[in-house]
Structure formats: C-alpha cells, structure tokens
Amino acid sequence: MRSGEPGERPVSPVNVTFLGMPATRPFPRNAARAVRDSQLRFNLRKATRTIRARRASVVAEVPDWAALRDAGRAIKEHTLRNLDRYLLQLEEAVTAAGGHVHWAADAAEANEIVAGLVKATGETEVVKVKSMATQEIGLNEALLEHGITAYETDLAELIVQLGDDRPSHILVPAIHRNRAEIREIFAGRMAGWGRPAPEDLTDDPAALAEAARLHLRERFLKTKVAISGANFAVAETGTLVVLESEGNGRMCLTLPTTLISVVGIEKVLPSWRDLEVFLQLLPRSSTGERMNPYTSMWTGATEGQEFHLVLLDNGRTRVLADEVGRQALRCIRCSACLNVCPVYERTGGHAYGSVYPGPIGAILTPQLRGMSSELDRSLPYASSLCGACYDVCPVAIDIPSVLVDLRARSPHPWPERAGMAAAGWVLRRSGRLARMQRIGGRLRNLAPRRLPGPLAAWTDTRDLPEIPRESFRDWWDRTDGGRR
C-alpha cells in the first residue's frame with residue numbers, strides 16, 4: 001500500500017522486520033531510530049507530499065509524457081551501451097574548446113586530482129555548486145586535509161554544512177529541517193563561516209533567504225576557485241549543463257577564475273537534441289516545475305576562465321557490466337522515487353548511510369561500493385517493493401527488479417537458506433507438492449498464528465494466511481474442474 005492512501009497501516013517504531021535480513025543490520029537499526037523522531041517524520045511527510053503533488057500536476061499537463069519518458073530511457077540506454085565512444089568524444093570536444101580533461105578511477109584519485117588543481121592556483125578556499133559526485137567521494141573532507149576549505153553555495157547544502165549535518169535528500173538536502181531549526185542554525189553558526197546572520201533574524205522564509213544571500217554574495221566576490229558537478233555533459237560539443245533553482249550555481253560557475261567540474265561518467269549525452277528530452281523530464285520530476293529556473297551551460301574554457309573536467313568512475317564501470325543493475329546508471333537524480341517511497345517518507349535519508357538515499361540509493365550505493373559491508377548488504381531490503389518508484393521514474397528504472405536481484409546476491413542466514421532449500425525440494429516435483437498440500441490441509445488447525453523465536457517479528461506485523469481445508473489440485477480432481 002502506498003503512503004497516504006486510505007487505510008494506510010501506521011508504522012511501528014519496532015517494526016524492523018525485513019525478509020531475509022536480521023533486525024541487527026544497519027538500515028533497520030537506523031530506521032527504527034528515525035521513525036521515533038516525530039518532528040523528523042512531520043517534516044518529511046509535509047515536504048514529500050507537497051513535492052509529489054506538484055509533480056503529479058505538471059506531469060498531467062503533458063499529453064505525451066509516457067512517450068517522453070520512453071525516449072529518456074532509450075537515450076540513456078543507448079548511451080550506456082556506447083559509453084566508451086561518447087566519453088572519448090566528450091574529451092575531444094572539451095579539449096578542443098580549451099578545457100582540460102582528467103580521468104579518475106576512484107574517489108582517492110579524484111580527490112588527489114582536485115586538490116592538486118586547487119593547490120596549483122595558490123588558493124586555500126573554494127566555492128561549490130551542489131554536486132552529489134563530490135559528496136560521494138568525500139571531496140570536502142579530502143580538501144580539508146590539504147588545508148583547503150570548501151564552502152557550499154546551494155541554500156540547502158549551506159544549511160547542512162553550517163549545521164554539521166549530512167544531506168537527507170537528493171534534491172532538498174535539508175528536507176529534514178523546518179524553518180525554526182534553520183533560523184537557529186543561521187543565527188548560531190553563520191558568523192563562523194563568514195558574514196553573520198542579522199541579529200533580528202526571524203524564521204520567515206524571505207528573511208532566511210536574504211540572510212543566506214548576503215552571506216553567500218560576500219563569499220562569491222572573493223573566492224577564485226569553484227568546484228561544480230553537472231547534470232549532463234553533451235559529447236557532441238563538450239558542453240556541461242547544471243540545473244538549479246536559486247542562481248547560486250550561476251554565480252559559482254561564472255565569477256571564479258578557475259572552474260573544476262567533477263562529473264560521473266554516466267552523465268554524458270550524445271547530442272544537443274537528446275538534451276531537449278531531459279530538460280523536460282527533469283524539472284517536472286524533481287521540483288514539479290515546467291522548466292528549471294536556472295539552466296547554466298558552458299563549453300570548455302570561456303572568458304579567460306581556466307576549466308578542468310574530472311570524469312569519475314568510482315565503481316560505475318562495474319555497474320555498467322551488470323545486465324540487471326546497469327539501469328541504475330540511467331538515473332538523472334530527480335528524486336521523484338524518494339518523494340513517493342513510503343519507507344523514505346518515514347525514515348528520511350540519513351538511515352541509508354549514503355549520499356544517495358531512498359529507492360535509487362538502495363540500488364545504486366551497493367553496486368558502486370560493493371556489498372562487503374553490513375550496511376550495503378542491508379540497503380536492498382530498504383523497500384516495500386510497492387513499485388511506486390518505478391511508476392514515477394522519468395527514465396523508467398525498474399528499481400524493484402534491481403532490488404530483488406541484489407537481495408539474491410546478499411548473504412542469507414542459514415535458517416533461510418535451509419527453508420528455501422526445503423521449499424525447492426518440495427516444489428521440484430508435483431507429487432511432493434500434492435502430498436504436502438494434503439498434509440497441510442489435515443493439520444491446518446494446528447498451524448500457529450504467530451511464528452516462534454526470531455521469526456515472531458514477521459507475524460507481529462503481518463497475518464499468516466489460513467491454510468485451506470482442500471487444495472486447488474484436490475478440488476479440481478474432485479469436481480472435474482468445477483463441472484460436477
């Protein structure tokens with residue numbers, strides 16, 4: 001049942017039952033803590049329901065939305081299957097336009113490249129426009145080790161940074177904060193990072209935005225190096241594209257004398273014509289707008305600015321080789337799947353322990369990082385498999401199918417393996433299945449209503465189906481298929 005529908009069952013704080021996953025694994029522990037925070041759940045519920053209502057409204061205006069969505073899926077799938085060719089074309093175009101292209105196999109290499117580029121300028125401060133790739137590789141922390149301070153300029157990222165917090169949402173990193181909390185963060189922490197907040201600052205949204213604007217404007221005017229991500233990179237021309245809602249990104253991209261863009265290799269698109277499709281899909285799916293307020297595009301080095309493009313792998317090639325999991329690389333980071341997910345709405349992004357939260361994070365993170373840690377093995381279970389994420393995905397990523405595939409790869413406890421082996425033994429032969437059905441029918445009154453031991457958590461929140469007195473097979477034989 002999807003969140004918000006009539007008859008929705010309340011979520012219990014102790015409901016940590018995930019089939020095949022012990023309750024001691026990280027995600028259910030994190031989720032249990034999150035759902036006990038009533039303020040967090042209120043903030044998440046209000047924000048996600050508002051965003052998805054806006055999305056539904058603007059999507060309904062597009063008569064060919066299904067065809068547009070299919071076009072986005074097809075473009076992304078074609079690009080991924082020819083990624084080597086388009087990446088080389090992108091490198092050639094960026095270089096021809098005066099830019100410099102660097103290849104990073106993993107997070108450590110990317111961080112070293114960026115740190116080296118910043119140090120070469122002699123600067124010790126950089127401004128950043130929101131980039132999930134830099135969060136993925138821990139760039140801010142890596143730069144700090146080299147004596148370089150990174151200042152976030154996206155409003156929500158600024159809130160997170162000032163609050164010593166972590167992002168909780170792909171599109172709205174501070175979704176878990178309300179305006180009273182933001183006012184306290186600005187009043188208490190802004191002075192330590194630059195221009196202080198006004199002494200009479202209130203929690204009025206306009207006042208908070210003005211305080212952030214004045215604080216960031218001072219930073220923009222004196223910082224010489226910027227670091228960005230990119231929503232898309234057009235191989236045909238070497239053009240990078242950033243979509244944002246506040247204008248901070250445009251300041252970050254144009255004022256500094258050195259611009260370094262860290263971009264995942266999956267962000268490439270073949271041509272400008274392909275970009276047109278995604279400039280329709282992304283705004284409607286993310287912010288619920290017909291078009292993005294600020295769309296910035298640049299090609300190579302412009303107006304005397306030195307430009308560096310760092311193309312990041314960091315596990316993406318491994319994901320690309322997976323026939324099932326590859327589709328996760330189609331993601332355009334719109335966050336539509338988070339806003340409809342009943343699990344995310346109750347737990348928030350911190351429970352996922354990754355820069356990529358929600359349904360897309362549950363399939364992308366374990367593939368990028370591997371499933372060696374307990375957290376990454378638990379993420380494929382952080383879903384109800386309701387399919388709402390697939391319904392809203394603008395590039396038709398079948399997230400439930402990838403989740404099931406990843407669950408199959410995750411190590412399973414021996415009782416579950418034994419149970420599956422026994423079920424397989426019975427189901428392989430129709431005669432065995434028939435005998436077990438008859439035995440089950442005769443012993444139906446002895447079947448427990450609640451499973452024993454550690455399995456009890458499953459039946460604490462679910463009803464076991466009643467065993468019928470007669471199997472369908474026996475009914476069919478007795479009635480000749482219902483004819484007598």
Side-chain angles (χ1 to χ4, degrees), residues 1-11 15 17-21 27-28 31 35 44-45 47-49 51-60 62 65-74 76-77 169-171 281-282 284-286 288 319 322-349 351-352 354 356-367 378-410 458 461-463 465:
M1 181 176 294
R2 296 185 190 171
S3 172
E5 291 183 356
E8 177 185 0
R9 176 183 291 182
V11 175
N15 181 12
T17 314
F18 300 78
L19 181 61
M21 179 176 65
F27 179 79
V35 297
L44 290 168
R45 182 170 60 251
T48 56
R49 295 185 181 188
I51 296 171
R52 70 174 180 251
R54 287 166 54 184
R55 175 206 168 273
S57 175
V58 295
V59 165
V62 183
W65 179 258
L68 194 65
R69 180 184 190 230
D70 191 57
R73 178 202 60 76
K76 277 288 191 176
E77 193 64 24
H169 191 274
I170 288 176
L171 180 70
L281 287 172
L282 183 54
R284 284 180 165 83
S285 298
S286 56
V319 180
D322 189 312
E323 287 291 337
V324 178
R326 166 192 299 148
Q327 58 187 299
L329 296 179
R330 298 204 300 253
C331 176
I332 58 175
R333 309 290 191 268
C334 69
S335 77
C337 62
L338 280 69
N339 299 326
V340 299
C341 178
V343 177
Y344 176 86
E345 184 183 302
R346 289 157 176 79
T347 65
Y352 295 81
S354 164
Y356 303 113
I360 187 61
I363 65 171
L364 186 58
T365 300
Q367 294 190 89
S378 71
L379 287 179
Y381 296 88
S383 170
S384 64
L385 298 180
C386 66
C389 50
Y390 172 70
D391 292 343
V392 299
C393 178
V395 287
I397 301 171
D398 191 352
I399 293 177
S401 292
V402 182
L403 286 168
V404 171
D405 184 67
L406 290 173
R407 290 183 185 188
R409 303 184 208 174
S410 179
W458 181 257
T461 53
R462 299 164 180 82
D463 295 326

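Hydrogens, waters and symmetry mates play no part in the numbers below; they use all other heavy atoms, side chains included.
- Smallest separation of non-hydrogen atoms from Cys337 and Cys389: CB-CB, 3.7 Å.
- The distance from the CG atom of Leu379 to the OG atom of Ser410 is 10.0 Å, given to the nearest 0.5 Å.
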Side chain to side chain contact (heavy atoms under 4.5 Å, CB included) between His169 and Leu44, worked out: CA-CA 10 Å; His169 191 274; Leu44 290 168; over 6 Å; no
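- Between Leu171 and Ser335, the shortest heavy-atom contact is CB-OG, 3.4 Å.
- Judged as a ring pair (Phe, Tyr, Trp, His ring centres under 6.0 Å), and not counting sequence neighbours, Tyr356 has no contacts.
- Of all non-hydrogen atoms in Ser384 and Pro342, the two that sit nearest each other are OG-CG, 3.8 Å.
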Test side chain to side chain contact (heavy atoms under 4.5 Å, CB included) applied to Ile397 and Ile360, step by step: CA-CA 9 Å; Ile397 301 171; Ile360 187 61; 4.2 Å; yes
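- Side-chain contact between Gln327 and Lys76: absent, with no pair of heavy atoms (C-beta onward) separated by less than 4.5 Å.
- Between Leu406 and Gln367, the closest side-chain pair of non-hydrogen atoms falls below 4.5 Å.
- Using a 4.5 Å heavy-atom cutoff, the side chains of Leu385 and Arg407 are in contact.
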Derivation of the side chain to side chain contact (heavy atoms under 4.5 Å, CB included) call for Arg55 and Val392: CA-CA 9 Å; Arg55 175 206 168 273; Val392 299; 3.8 Å; yes
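- Minimum interatomic distance between Arg52 and Val340 (heavy atoms only, all atoms of both residues): CD-CG1, 4.0 Å.
- Note that the CZ atom of Arg333 and the CG atom of Leu364 stand 5.5 Å from one another [nearest 0.5 Å].
- With hydrogens and angles ignored, the 3.5 Å screen pairs a side-chain donor or acceptor of Arg330 with a backbone N or O of Ala396.
- Looking at every heavy atom in both residues, Pro357 comes nearest to Gly349 through CB-CA, 3.6 Å.
- The aromatic rings of Tyr352 and Phe27 sit tilted, their planes meeting at an angle between 30° and 60°.
- Residues Pro380 and Pro366 form a side-chain contact, since some pair of their non-hydrogen atoms from C-beta on lies under 4.5 Å apart.
- Annotation: the span from Ile51 atom CD1 to Ser286 atom OG amounts to 9.0 Å, rounded to 0.5 Å.
- Residues Leu338 and Thr48 form no side-chain contact, since every pair of their non-hydrogen atoms from C-beta on lies 4.5 Å or further apart.
- In terms of heavy atoms, Asp391 sits closest to Arg69 at O-NH2, 3.8 Å.
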